[in-house]
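Okay, so here's the structure we're looking at.
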Amino acid sequence: MNENLFASFITPMMLGLPLVTLIILFPSLLFPTPNRLINNRLISLQQWALQLVSKQMMSIHNTKGQSWTLMLMSLILFIASTNLLGLLPHSFTPTTQLSMNLGMAIPLWAGAVITGFRNKTKVSLAHFLPQGTPTPLIPMLVIIETISLFIQPMALAVRLTANITAGHLLIHLIGGATLALTSISTTTALITFVILILLTILEFAVAMIQAYVFTLLVSLYLHDNT
């Protein structure tokens, strides 16, 4: 058992060069471009899932918001595939790095906010001051609303990082406990192993759900600004 719980979150290196770029590009190989008249079951399943998610997520948007459909679908595919690949043994999950998640959240949030200020300037500024606010509270509310606006990308990134990191740590701890209990109590080790399997199944669901939640929140920020 590795004594360092966070060793799996260290960026892998080869010949002194980080392999993050290759790891980030690898999920794109799992979604080949169909070149046949009749697709196979895997590509048909991927297309069905994308159509379902895009219809549910983009139905609330107007024409300007729907122009972001391709980018949002690419985002959810990337996050979901990266999270799932990170559950493989001896693999690295880029979404456990806060810097990478901020790199995804900040440009998308900034693009949505800038779009709002360009297209709906008055409505965007009105969000900083709710209607009917007493005059003495106006400066305080403007400061609070400004802070809450700038916290949005941080909340997106921290939510994704915390959920994925917590799941990996639990799997690491329970897996180590199962291995240690094997020589002490076979029955207890078996029970712990069953818990480990159930937790792994739960992590597969969490990997998909967190990708959906991240993309959905970006979609909602975009809806508020278009």
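Just so it is clear, the model here is predicted, and its values are computed rather than measured.
- Closest non-hydrogen pair, Ile60 versus His223, comes out as O-CD2, 3.1 Å.
- Remark: Asn83 CG to Thr96 OG1 distance equals 9.5 Å, nearest 0.5 Å.
- In the hydrophobic cluster analysis, where Ile, Leu, Val, Met, Phe, Trp and Tyr join through side-chain heavy atoms closer than 4.5 angstrom, Ile79 is grouped together with Met71.
- Closest of all the heavy-atom pairs between Met104 and Pro107 is O-CD, 3.7 Å.
- Of the possible polar contacts, one joining the Asn101 side chain to the Thr95 backbone as a donor-acceptor pair under 3.5 Å is found.
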Please evaluate residues Leu84 and Met208 with respect to the criterion side-chain contact (heavy atoms from CB on, under 4.5 Å), reporting the C-alpha separation (whole Å), side-chain torsions for both, the decisive distance (0.1 Å), and the verdict.
CA-CA 8 Å; Leu84 291 175; Met208 303 293 290; 3.5 Å; yes
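- Hydrophobic clustering, with ILVMFWY side chains joined whenever heavy atoms are under 4.5 angstrom apart, groups Tyr221 together with Leu75.
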I would like to know whether Met140 and Ile144 meet side-chain contact (heavy atoms from CB on, under 4.5 Å); could you show each step before the answer?
CA-CA 6 Å; Met140 184 181 299; Ile144 292 174; 3.9 Å; yes
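- Looking only at side-chain heavy atoms (C-beta outward), Val158 and Leu98 come within less than 4.5 Å of each other.
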Evaluation steps, side-chain contact (heavy atoms from CB on, under 4.5 Å), between Thr178 and Leu190:
CA-CA 8 Å; Thr178 303; Leu190 183 61; over 6 Å; no
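- In the hydrophobic cluster analysis, where Ile, Leu, Val, Met, Phe, Trp and Tyr join through side-chain heavy atoms closer than 4.5 angstrom, Leu222 is grouped together with Phe150.
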Applying side-chain contact (heavy atoms from CB on, under 4.5 Å) to Leu87 and Ile171, what does each step give before you reach the verdict?
CA-CA 9 Å; Leu87 293 173; Ile171 290 177; 4.3 Å; yes
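- Put simply, the side chain of His61 does not reach to within 4.5 Å of the side chain of Trp68, judged on heavy atoms.
- For OH of Tyr212, the number of neighbouring non-hydrogen atoms (other residues, nucleotides, ligands) closer than 6.0 Å is greater than 12.
- If you take CG on Leu108 and CG on Leu72, they are separated by 7.5 Å, rounding to the nearest 0.5 Å.
- To the nearest 0.5 Å, atoms CD1 (Ile197) and OG1 (Thr192) are separated by 11.5 Å.
- Under a hydrophobic-cluster definition in which Ile, Leu, Val, Met, Phe, Trp and Tyr are linked whenever side-chain heavy atoms come within less than 4.5 Å, directly or via other members, Phe204 and Val213 are assigned to different clusters.
- Counting only heavy atoms from C-beta outward, the side chains of Thr69 and Met57 never approach each other to under 4.5 Å.
- Nearest heavy-atom pair across Ile76 and Val53 is CD1-CG1, 3.9 Å.
- Under the 3.5 Å distance criterion, the side-chain polar atoms of Ser185 are left unmatched by any main-chain donor or acceptor of Leu181.
- The structure places CG of Leu170 at 10.5 Å from CG of Leu196, a figure rounded to the nearest 0.5 Å.
- A donor and an acceptor atom, one from each side chain of His168 and Thr93, are located under 3.5 Å apart.
- Using a 4.5 Å heavy-atom cutoff, the side chains of Asn225 and Asn119 are not in contact.
- For the pair Phe214/Arg159, no side-chain contact is recorded, criterion being any heavy-atom separation below 4.5 Å from C-beta on.
- Residues Val206 and Leu216 fall into different hydrophobic clusters, defined by Ile, Leu, Val, Met, Phe, Trp and Tyr side chains chained together at heavy-atom separations under 4.5 Å.
- Under the 3.5 Å distance criterion, the side-chain polar atoms of Ser54 are matched with a main-chain donor or acceptor of Leu50.
- Heavy-atom neighbours of Met154 CE from other residues, nucleotides or ligands within 6.0 Å: at or below the threshold of 12.
- For the pair Ala105 and Pro153, the tightest heavy-atom approach, listed with the atom from each and the gap, is CB-O, 3.6 Å.
- In the displayed structure, Leu70 atom CG is contacted under 6.0 Å by at most 12 heavy atoms of other residues, nucleotides or ligands.
- To the nearest 0.5 Å, the span separating OG1 on Thr215 from CG on Leu220 amounts to 11.0 Å.
- The shortest distance between side-chain heavy atoms of Thr188 and Ile184 does not fall below 4.5 Å.
- A heavy-atom distance below 4.5 Å is found between the side chains of Leu199 and Leu202.
- Residues Pro94 and Gln97 are not in side-chain contact: their nearest non-hydrogen atoms beyond the backbone lie 4.5 Å or more apart.
- Taking CG of Leu160 as the reference point, atom CG of Leu217 lies at 11.0 Å (rounded to 0.5 Å).
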